[in-house]
Number of protein chains: 2
Amino acid sequence: MELYRERGFDQTTAAEIAARAGVNERTFFRHFPDKREVLFDGEGDLRAALTQAVIDAPDGLEPFEVLLCAFRESGRNLEDNRAFSQPRWEVIAVTPALRERELAKHAWLTDAVAVALRRRGLGHGLAGLAARTGWAAFQHAVQAWIDDPSQSLDAHLLRAFGDLRALATTALPAK
Amino acid sequence: MELYRERGFDQTTAAEIAARAGVNERTFFRHFPDKREVLFDGEGDLRAALTQAVIDAPDGLEPFEVLLCAFRESGRNLEDNRAFSQPRWEVIAVTPALRERELAKHAWLTDAVAVALRRRGLGHGLAGLAARTGWAAFQHAVQAWIDDPSQSLDAHLLRAFGDLRALATTALPAK
DNA sequence: CGCGTCGCGTCAGCGACTGACACCACGTTG
DNA sequence: CAACGTGGTGTCAGTCGCTGACGCGACGCG
């Protein structure tokens, strides 16, 4: 992270990272499958947390309510760890190769959400659809929050899911 | 495509592609920014077509109806060119690096859809949300179609958007 | 004929990775 | 205590994606 922020991702070589960490370059590649993965280490935990949050959501909720509930919980972690994740986002945002990897991780997390929804008894197809579209709304909220941090992520999330419901049911004023 | 299908993407070197094409390796990289981009050449056209389809959709439709309309039109092209795109999908499906690139292209197309929706007068935030979630439903339908080609893509599309509406409005039976 | 320029080939080089091998600090077992 | 396996490391050589710089020939134009 230090090096990526100082020189940018593309201008940082794996050898430099290894040197800064006090290990050999070969050792670096034994711990990370590639240079990008360094920034996506916690995603495994996030996946587990997300899965658990979906499973632990109260009974009797409809699918989108379950997702909203789970995302709000994840959102709380996001807001708390913002000091941690903000520099990471800044690096990713300016580096196409990293944005690609992030999208791949999102797909991976979406799969986990779909599996968790199925475990709640939702039908196979519906679980996938709900996970995909719900995740899209989640990402929209996160983006809106980054663009406008004056409102809480939670507020953005509630608005996104509210807007989604409105979009799916009735016509909306062009505003 | 020939080489990617014969040996797989990872086992194919840029030099081999260039040789098969009868040009120098350096020349290959003058036409394509990287090895993966070979498989994503038509995306520019698709982006334009998608944008146009959104803009050309009838007036008076609500956002998701506009998207459904545009996606159905794109879907028709997909079904027609299936012989072309099927081998491409097979290569992409088994190659993580290519799946990453594809997701990046999807984000790029989603942006185009959002812009087109705004051009129709939809509010800034809503356009982004509708584009993201609508695209998610589209991709879900495409995936369902690949998994079950016995039904038309169009049918899968209609079902996906119908299910999405149902998900967003009321609780659904666990099926 | 002379002139730009445009596409290409050639070459040298960087950096991300990878496989193979040796080393060394351990805990285990005889 | 010695032999042994084991897991993390350094070293080296090599492949491959990709890039910059240079030179060449083909082409259009005055």
Side-chain angles (χ1 to χ4, degrees), chain A residues 1-45 47-48 85 87-108, chain B residues 1-45 47 85 87-109:
Chain A
M1 270 299 303
E2 294 173 17
L3 286 165
Y4 286 167
R5 294 227 303 168
E6 287 171 23
R7 320 188 187 182
F9 176 85
D10 294 323
Q11 276 61 48
T12 306
T13 72
E16 288 168 343
I17 303 176
R20 177 79 60 111
V23 297
N24 191 274
E25 183 181 348
R26 190 65 182 86
T27 301
F28 170 78
F29 281 112
R30 274 194 267 253
H31 287 273
F32 299 97
D34 63 64
K35 215 180 119 189
R36 300 184 241 169
E37 202 64 17
V38 182
L39 287 171
F40 299 91
D41 228 18
E43 302 285 276
D45 296 345
R47 184 174 151 113
S85 43
R88 181 174 162 274
W89 282 334
E90 287 169 8
V91 173
I92 294 177
V94 297
T95 313
L98 292 175
R99 284 207 305 266
E100 278 193 27
R101 176 58 57 85
E102 193 180 31
L103 291 169
K105 294 292 180 180
H106 285 180
W108 189 61
Chain B
M1 270 301 304
E2 292 172 19
L3 287 165
Y4 287 166
R5 294 227 303 169
E6 287 172 19
R7 318 187 189 182
F9 177 83
D10 294 322
Q11 277 62 51
T12 306
T13 72
E16 288 169 344
I17 303 174
R20 177 80 58 111
V23 297
N24 190 277
E25 184 182 348
R26 190 65 184 88
T27 302
F28 170 78
F29 282 111
R30 273 194 267 255
H31 288 274
F32 299 97
D34 61 64
K35 215 181 120 186
R36 301 183 237 169
E37 203 63 19
V38 182
L39 287 172
F40 300 92
D41 229 16
E43 301 284 276
D45 297 345
R47 184 176 151 109
S85 43
R88 181 175 161 272
W89 282 336
E90 288 169 6
V91 173
I92 293 176
V94 297
T95 313
L98 292 175
R99 284 206 307 265
E100 277 193 29
R101 176 60 55 87
E102 192 179 33
L103 290 170
K105 294 293 181 184
H106 286 180
W108 189 61
L109 295 172

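The shown structure was predicted, so the numbers you read here are calculated from the model rather than taken from an experiment. Chain letters run A, B, ... following the sequence lines, proteins first, then strands; residues in each count from 1.
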Are Arg36(A) and Glu100(B) ion-paired here, with the side-chain N under 4.0 Å from a carboxylate O?
-> yes
Between dG17(D) atom P and Glu37(B) atom CD, what is the distance in whole Å?
-> 16 Å
Return the polar atom pairs (N/O with N/O) between nucleotides 22-26 of chain C and the protein under 3.5 Å, or none.
none

Between P of dG20(D) and CZ of Phe29(B), the distance in whole Å = 13 Å
Whole angstrom is fine here: how far is it from CZ in Arg7(B) over to P in dT15(D)?
-> 16 Å
Per Asn24(A) side chain, nearest of listed nucleotides dC16(D), dA16(C), dT11(D) | dT11(D)
Ignoring hydrogens and angles, answer whether the base of dG7(D) and the side-chain atoms of Arg30(A) contain a donor-acceptor pair closer than 3.5 Å.
-> no
Separation of atom NZ in Lys35(B) from atom C1' in dC17(C), rounded to whole Å = 13 Å
Verify the contact: side-chain N or O of His31(A) to OP1 or OP2 of dT9(D), cut-off strictly under 4.0 Å; return yes or no.
-> yes
Separation of dT19(D) atom C1' from Glu25(B) atom CD, nearest Å, is 11 Å
Specify the separation, in whole Å, of atom CG of Leu98(B) and atom P of dG17(D).
-> 13 Å
Got a donor-acceptor pair under 3.5 Å from the side chain of Arg36(B) to the base of dG17(D)?
-> no
Tell whether Arg26(A) reaches the base of dG19(C) with its side chain through a donor-acceptor pair below 3.5 angstrom.
-> yes
For atom CZ of Phe28(A) and atom C1' of dT9(D), their distance in whole Å | 16 Å
Atom-pair distance (CD on Glu16(A); C1' on dA16(C)), nearest Å | 13 Å
